[in-house]
Amino acid sequence: MENKMFCYQCQETAGCTGCTQAGVCGKTPEVAGLQDLLIYATKSLCSVTTELRAEGAEIPAHVNHIVSKNLFATITNANFDKESITDKIKETLSIKDELLSKVKNKDVLPEAAFFKAEVSEYSEKAKNVGVLATKDEDIRSLRELITYGLKGLAAYTKHANALLKDDPELDAFLQRALAATLDDSLSIDDLVALTLECGKMGVQGMADLDAANTGAYGNPEITEVNIGVRKNPGILISGHDLRDLEMLLEQTKGTGVDVYTHSEMLPAHYYPFFKKYDNFAGNYGNAWWKQPEEFESFNGPILMTTNCIVPPRASYKDRLWTTGATGYPGCRHIDAPYGETKDFSPIIEQAKKCASPKEIETGTIVGGFAHEQVFALADKVVEAVKSGAIKKFFVMAGCDGRQKSRSYYTEFAKALPKDAVILTAGCAKYKYNKLDLGDINGIPRVLDAGQCNDSYSLALIALKLKEVFGLDDVNELPIAYNIAWYEQKAVIVLLALLYLGVKNIHLGPTLPAFLSPNVVDVLVKNFGIAGITNVEDDMKIFYA
């Protein structure tokens with residue numbers, strides 16, 4: 001293969017075609033190749049587990065967990081550490097070989113099931129198993145769409161696993177679907193059907209995680225979150241894993257160290273459980289891509305529980321810690337087996353020696369509008385719709401990113417008529433959640449449901465409104481979808497919405513590079529998927 005690497009799984013991929021020399025995210029060609037090999041090794045394992053299930057065997061939970069964690073580690077901006085990824089490949093192939101010996105009918109297995117490699121061969125082997133190994137553009141596009149959806153699904157599965165919630169049906173699907181991307185007998189129609197099944201299981205995965213989160217921490221409630229700072233030293237926690245936050249808060253009690261959330265960890269403040277911690281100080285900063293400036297000014301240690309990691313500056317690299325599926329060379333990593341408590345004492349000790357955070361803004365922001373909270377306000381919302389006070393809802397969930405073109409979402413929010421309400425989830429909210437957009441009869445015009453996985457709440461809210469208004473089709477509601485995407489968790493959210501029958505979704509700032517023209521055509525014809533142009537013209541389309 002001529003290119004040193006080829007990766008086009010994120011929205012910022014070079015030239016909106018693919019990174020070939022180095023990742024825009026910061027990963028090296030060597031790491032990109034090892035991630036390709038890890039995915040191939042995981043597909044190999046999944047082909048074996050899928051056949052074993054067909055033969056009536058049970059797959060141990062730790063194997064399911066490894067599959068999810070492997071996929072999560074290859075999500076954009078999660079793991080840049082070649083040693084960590086190498087260890088994962090080695091472990092995966094070892095487990096695959098052990099399980100392979102138990103398969104009765106090996107003749108039905110794909111060639112990949114018998115893949116072997118020594119560590120010294122990994123980099124060379126990786127050249128033959130990446131994205132471009134599939135020659136047909138449309139088959140490749142659908143295989144990657146499925147794989148990226150599964151990566152997003154695995155991320156949510158891993159968070160549920162951390163709260164001791166396992167879903168064997170979901171694990172079996174995830175592995176069957178991943179193995180299916182090795183099957184050359186599958187047609188385009190077969191892969192389209194599998195893509196929609198991925199969306200169906202995405203809904204189930206988000207429901208599982210919602211149940212795990214609310215079961216452990218209560219239903220999110222309307223909350224004002226402080227965005228200023230205190231005078232104590234602090235630890236900044238970023239990512240998505242609420243179990244990591246719980247352990248950190250418990251271990252910092254009474255130490256004189258405050259804990260602040262960053263980026264997608266902001267919605268943790270909405271859960272009643274976490275409000276009992278006096279040292280849970282507030283949210284510091286904005287979306288993931290502003291890390292270089294904000295992590296530097298924070299002064300204390302930063303714990304990355306998931307993506308998105310921006311390659312750190314030397315000025316704070318010694319304060320950046322990773323856990324779970326994440327990793328960065330030269331940064332310290334803390335982990336523990338599923339169900340066991342991680343020891344965060346080294347981070348806490350470092351925090352005690354650091355200056356308190358530098359204040360970068362003041363005030364509060366309001367969130368906590370997940371499904372149960374909005375259901376509690378249903379009468380008020382319905383009355384506002386019936387009276388005409390609210391004429392339209394805009395789902396503006398998804399991701400934020402570095403590109404200047406993403407200022408579109410700030411300008412779009414500003415340009416919306418005063419009778420429009422924004423429903424949001426994910427870090428896309430940072431493009432407008434600090435704007436003074438006011439309220440409608442006491443209902444804030446930005447209703448933040450939480451993290452990207454909490455897009456599930458937005459779907460439930462839409463289905464509830466459909467029921468309340470006695471409609472036959474969710475698309476008859478005065479709800480428009482203008483979604484920003486960046487990485488693979490946004491892909492599973494999109495597939496979940498398509499499975500639920502939502503049509504005419506606008507996706508930006510660019511359509512995914514991994515969608516071939518023919519696959520885009522299928523999405524346009526069947527689901528009305530569209531891109532974005534400019535605020536003025538798009539506003540005319542949404543209000544046509």
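Here the structure is a predicted model, which means the values were calculated and not measured.
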Would you say the side chains of [X] and [Y] form a donor-acceptor pair under 3.5 Å?
X: N161; Y: K69; value: no
X: T306; Y: K158; value: no
X: D190; Y: S187; value: yes
X: Q204; Y: D167; value: yes

Among residues two or more places apart or on two chains, list those pairs meeting side-chain hydrogen bond (donor to acceptor under 3.5 Å, both in side chains) that have a residue in residues 454-464.
none
Please walk me through it: do K386 and E383 pass salt bridge (Lys or Arg N to Asp or Glu O under 4.0 Å)?
CA-CA 5 Å; K386 287 182 175 178; E383 178 55 36; over 6 Å; no
Minimum-distance pair of heavy atoms, taken over all atoms of [X] and [Y]:
X: A287; Y: D400; result: CB-OD2, 3.3 Å
X: N283; Y: G285; result: ND2-O, 3.4 Å
X: A389; Y: N441; result: CB-ND2, 3.6 Å
X: S263; Y: S238; result: CB-OG, 4.1 Å

Parallel, tilted or perpendicular, judged at 30° and 60°: which one describes the rings of Y284 and F298?
perpendicular
Describe, in one word, how the ring planes of H159 and F72 are oriented to each other, choosing from parallel (under 30°), tilted (30 to 60°) and perpendicular (over 60°).
perpendicular
Would you check if the distance from the ring center of F394 to the ring center of Y432 is below 6.0 Å?
no
How long is the gap from [atom1] on [X] to [atom2] on [Y], to the nearest 0.5 Å?
X: Y156; Y: L170; atom1: OH; atom2: CG; answer: 13.0 Å
X: Y270; Y: D448; atom1: OH; atom2: CG; answer: 3.5 Å
X: L191; Y: I146; atom1: CG; atom2: CD1; answer: 5.0 Å
X: L447; Y: F393; atom1: CG; atom2: CZ; answer: 7.5 Å
X: T364; Y: I227; atom1: OG1; atom2: CD1; answer: 7.0 Å

Side-chain heavy-atom pair Y148, E487 within 4.5 angstrom cut-off
no
Are the side chains of N79 and N307 in contact, using a 4.5 Å heavy-atom criterion?
no
[X] side chain to [Y] main-chain N or O, any donor-acceptor pair under 3.5 Å?
X: Q251; Y: K342; result: yes
X: T223; Y: Y271; result: no
X: Q451; Y: H240; result: yes
X: T323; Y: T305; result: no
X: Q488; Y: Q9; result: yes
X: D473; Y: E476; result: no

Y430 six-ring centre to K434 NZ/CZ under 6.0 Å and within 45° of normal
no
With a cut-off of 3.5 Å and sequence neighbours excluded, list every side-chain donor-acceptor pair involving residues 207-216.
residue	atom	partner	partner atom	Å
D210	OD1	H371	NE2	3.2
D210	OD2	H371	NE2	3.0
T214	OG1	D210	O	2.7

Can you list the steps and then say if S356 with N232 is a side-chain contact (heavy atoms from CB on, under 4.5 Å)?
CA-CA 5 Å; S356 60; N232 298 327; 5.9 Å; no
Do any side-chain atoms of residues 494-512 form donor-acceptor pairs under 3.5 angstrom with protein atoms, and if so which ones, sequence neighbours left out?
residue	atom	partner	partner atom	Å
H506	ND1	G531	O	3.0
T510	OG1	Q11	NE2	2.8

Pair E246-R243, salt bridge (Lys or Arg N to Asp or Glu O under 4.0 Å): steps then yes or no:
CA-CA 5 Å; E246 178 190 354; R243 173 62 179 147; 3.2 Å; yes
Pair E264 + K489, salt bridge at N-O below 4.0 Å
no
